[in-house]
There are 2 protein chains.
Amino acid sequence: MIDETLYIPLHIQLSKSLEEKIKTHEYVERIPSERELMDMYNVSRTTVREAVTKLVNDGWLIKVHGKGTYVNQRPPIQEWLSSLNSFTETVRRMGMIPSSKLLTSKKLVADEQHISVLKNEVYMIERLRYADGKPVAIEQHYYPISIGKRLAEFNLDQETIYDLLENELGIMLDEAEQFITTTVIEEHLAKFLEIPKGSNVLLVERTIIDSKGNVIEYYIGKYRPDMYTFRVKTKRNITKK
Amino acid sequence: MIDETLYIPLHIQLSKSLEEKIKTHEYVERIPSERELMDMYNVSRTTVREAVTKLVNDGWLIKVHGKGTYVNQRPPIQEWLSSLNSFTETVRRMGMIPSSKLLTSKKLVADEQHISVLKNEVYMIERLRYADGKPVAIEQHYYPISIGKRLAEFNLDQETIYDLLENELGIMLDEAEQFITTTVIEEHLAKFLEIPKGSNVLLVERTIIDSKGNVIEYYIGKYRPDMYTFRVKTKRNITKK
DNA sequence: CAGTGGTCTAGACCACACT
DNA sequence: GTGTGGTCTAGACCACTGG
């Protein structure tokens with residue numbers, strides 16, 4: 001059930017296992033108690049609780065003191081957002097022709113706070129993105145050296161990075177967290193986007209982790225607001241509290 | 001520092017204490033290490049980690065393996081986009097106190113293109129929103145006359161509109177589509193938000209429908225980007241390829 | 001190397017829900 | 001009372017960062 005020999009943390013393996021059983025309806029109403037899970041997986045209670053807590057935070061489970069841990073009957077949204085489906089797909093869906101220009105591709109030291117969620121050294125790929133030949137966004141991807149070096153071997157003017165990661169490098173993206181806000185564009189980037197200096201852009205910041213819990217990518221995208229907006233479809237959450 | 005005699009769990013007390021010190025800028029860049037916190041508060045490492053984990057999940061802190069735990073420099077209010085949340089809920093979740101000032105409440109003719117997803121005549125409610133007494137957003141809600149008239153009978157300085165809709169008017173919100181972009185704030189609104197004229201704000205445009213598919217609300221919100229950010233967590237579906 | 005967060009164990013007692 | 005989740009301890013070892 002759980003493989004000790006893998007270098008994947010037990011609580012992550014357990015968490016994935018439970019999530020799988022929820023999705024396949026093996027667990028429909030309730031999951032086993034924490035002490036039962038300890039025995040089933042031969043792990044400590046702390047490890048069980050860590051795994052369960054993750055699923056509670058993600059909306060899969062609901063804990064009830066004194067009774068048990070229940071499967072949330074209103075499961076969370078689990079689709080990749082279109083913005084993550086790659087710029088390429090999004091632009092194509094709008095009936096426009098996407099293209100790219102590689103600006104930078106180099107190794108550097110992660111000093112900034114957010115970037116340092118990755119290792120000390122990172123590989124940075126910077127691309128200018130077009131729709132129908134008009135500049136729309138500047139994207140910076142930061143990768144662990146090992147991944148970045150391999151990505152750099154491909155023609156990044158042409159390829160979709162997420163396709164490369166999954167299909168060529170065999171890295172399964174698992175979870176991503178994104179922040180959307182706005183900021184003033186840096187002067188040297190303004191001319192690439194063909195907007196006046198001092199203009200505001202939409203800022204997207206993203207961290208992607210793989211199924212082992214490792215950070216795979218840190219990303220910053222700056223989008224021209226006159227060319228790009230984010231669209232989100234949401235449902236009202238009935239979860240009381 | 002921590003009162004053992006209270007019925008409040010230690011990890012909650014610790015969590016609140018840290019959150020307080022972040023908000024008052026006692027901790028600006030980094031918080032003490034986990035082992036330091038153990039000594040400072042006379043608790044076990046597990047308890048420290050539980051408290052810290054909560055603050056990481058809530059967006060206050062960022063952990064970096066081998067280096068330390070850092071204060072997140074992003075705007076203090078983070079709205080989860082996975083479900084439809086009200087301003088009130090979002091602000092409360094961040095441990096701040098929400099309040100409102102009603103600016104406008106009147107019937108008008110829907111001439112603009114977007115508003116006319118509603119009927120010809122609409123009811124508009126405009127509110128200035130605060131978190132801990134600081135202005136954060138200006139929200140305009142547009143409703144069909146029948147709904148708007150009834151809403152206007154309540155004290156909109158106090159109430160949560162979505163609560164009123166659901167609990168008092170018996171209208172169940174179901175789905176919403178949101179667009180997020182950025183724009184320059186109008187001059188007459190800048191002073192309400194206490195920002196320089198010409199500043200940029202985050203712009204949210206939203207249409208809500210009920211379970212029958214009727215348009216219930218059209219909404220425009222303008223948010224101060226130094227106070228508010230949008231957060232999205234997306235997950236790969238294991239069952240699908 | 002020392003210091004940091006990451007993982008994990010074994011065990012204890014408390015608070016709550018149900019019978 | 002029994003079983004559940006909630007809280008907490010003390011201690012161990014690993015992995016990473018940085019001097």
Side-chain angles (χ1 to χ4, degrees), chain A residues 2-16 18 27 29-57 61-72 108-122 144-146 209-210 212-215, chain B residues 2-16 18 27 29-57 61-72:
Chain A
I2 278 199
D3 190 344
E4 304 258 359
T5 66
L6 291 172
Y7 59 102
I8 303 174
L10 296 180
H11 70 269
I12 295 198
Q13 292 186 51
L14 175 49
S15 182
K16 295 265 179 255
L18 293 175
Y27 295 146
E29 199 202 359
R30 257 192 57 158
I31 66 169
S33 76
E34 297 183 350
R35 284 159 186 90
E36 281 170 349
L37 289 171
M38 286 172 66
D39 296 337
M40 291 167 61
Y41 290 88
N42 276 305
V43 293
S44 73
R45 178 117 181 263
T46 308
T47 302
V48 170
R49 284 180 64 80
E50 198 167 355
V52 170
T53 298
K54 166 86 163 45
L55 296 178
V56 169
N57 284 336
L61 296 174
I62 297 171
K63 294 209 256 191
V64 183
H65 194 173
K67 293 182 72 176
T69 301
Y70 295 82
V71 176
N72 189 352
L108 51 79
V109 175
D111 47 358
E112 269 187 53
Q113 184 187 104
H114 292 138
I115 300 177
S116 60
V117 295
L118 287 171
K119 304 291 182 275
N120 203 10
E121 290 200 306
V122 297
I145 294 290
S146 58
I209 64 174
D210 68 7
K212 295 172 193 162
N214 302 310
V215 174
Chain B
I2 280 198
D3 190 344
E4 305 255 359
T5 67
L6 291 172
Y7 286 113
I8 305 172
L10 297 181
H11 71 270
I12 304 266
Q13 292 186 50
L14 174 49
S15 184
K16 292 262 186 262
L18 293 174
Y27 295 148
E29 200 204 357
R30 256 191 57 156
I31 67 168
S33 77
E34 297 183 349
R35 285 160 185 90
E36 281 170 349
L37 289 171
M38 287 173 67
D39 295 338
M40 290 167 60
Y41 289 88
N42 277 305
V43 293
S44 73
R45 178 118 181 263
T46 309
T47 302
V48 170
R49 284 182 63 80
E50 198 166 355
V52 170
T53 297
K54 206 243 177 203
L55 295 178
V56 169
N57 285 334
L61 296 175
I62 296 173
K63 293 207 260 189
V64 182
H65 193 173
K67 294 181 72 176
T69 302
Y70 294 82
V71 176
N72 191 349

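We name chains A, B, ... by the order of the sequence lines, and we start the count at 1 in each one.
- Here the closest non-hydrogen pair linking B:Ser44 and B:Met38 is C-CG, 3.9 Å.
- Contact annotation: the side chain of A:Val48 never approaches that of A:Tyr41 to less than 4.5 Å [non-hydrogen atoms, C-beta and beyond].
- When all heavy atoms of B:Lys63 and B:Thr69 are compared, the closest pair comes out as CG-OG1, 3.8 Å.
- Looking at A:Leu10 and A:Gln13, their side chains come closer than 4.5 Å, going by heavy atoms from C-beta outward.
- Remark: B:Glu50 engages no residue in a side-chain hydrogen bond (donor to acceptor under 3.5 Å, both in side chains) (not counting sequence neighbours).
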Nucleotide-level pairing of DNA chain C, given in dot-bracket where Watson-Crick and G-U pairs need both distances under 3.5 Å and | marks other strands:
||||||||||||||||||.
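- For B:Leu10, whose side chain is taken as the heavy atoms from C-beta onward, the closest listed nucleotide among C:dT4, C:dT7, D:dT9 is D:dT9.
- We find that CG of B:Leu37 is positioned 13 Å from P of D:dT9, with the value rounded to whole Å.
- Between A:Thr69 and D:dG5 there is a side-chain N or O to OP1 or OP2 distance below 4.0 Å.
- Atom-to-atom, NZ of B:Lys54 to P of D:dT7 comes out at 12 Å; the value is rounded to the nearest Å.
- Listed pair B:Lys63 / C:dT4 fails the phosphate criterion, with no side-chain N or O lying under 4.0 Å from OP1 or OP2.
- Looking at every heavy atom in both residues, A:Tyr27 comes nearest to A:Val71 through O-CG2, 3.8 Å.
- Taking atom CD of residue B:Glu34 and atom P of nucleotide D:dT9, one finds them 14 Å apart after rounding to whole Å.
- The shortest heavy-atom contact between A:Glu34 and A:Arg49 is OE2-NH1, 3.1 Å.
- Taking atom CG on A:Asn214 and atom C1' on D:dC16, their separation rounds to 12 Å, with Å as the unit.
- Under the side-chain contact (heavy atoms from CB on, under 4.5 Å) test applied with A:Leu55, the options A:Ile31, A:Leu61, A:Asn72 reduce to a single match, A:Leu61.
- The minimum heavy-atom distance linking A:Ile12 with A:Gly213 is given by the pair CD1-CA, 4.0 Å.
- Note: CZ (A:Arg30) to P (D:dG3) measures 12 Å, nearest angstrom.
- The nearest whole Å value for the distance from the CD atom in A:Gln13 to the C1' atom in C:dT7 is 12 Å.
- The side chain of A:Glu36 sits closest to D:dT4 out of D:dT4, C:dG5, C:dC8.
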5' to 3', nucleotides 10-19 of chain C under a 4.0 Å protein heavy-atom cut-off (B base, S sugar-phosphate only, - none) gives B-BB-BBSS-
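- Atom CE in A:Met38 sits about 14 Å away from atom P in C:dC8, given to the nearest Å.
- Taking atom CD1 on B:Ile12 and atom P on D:dC8, their separation rounds to 8 Å, with Å as the unit.
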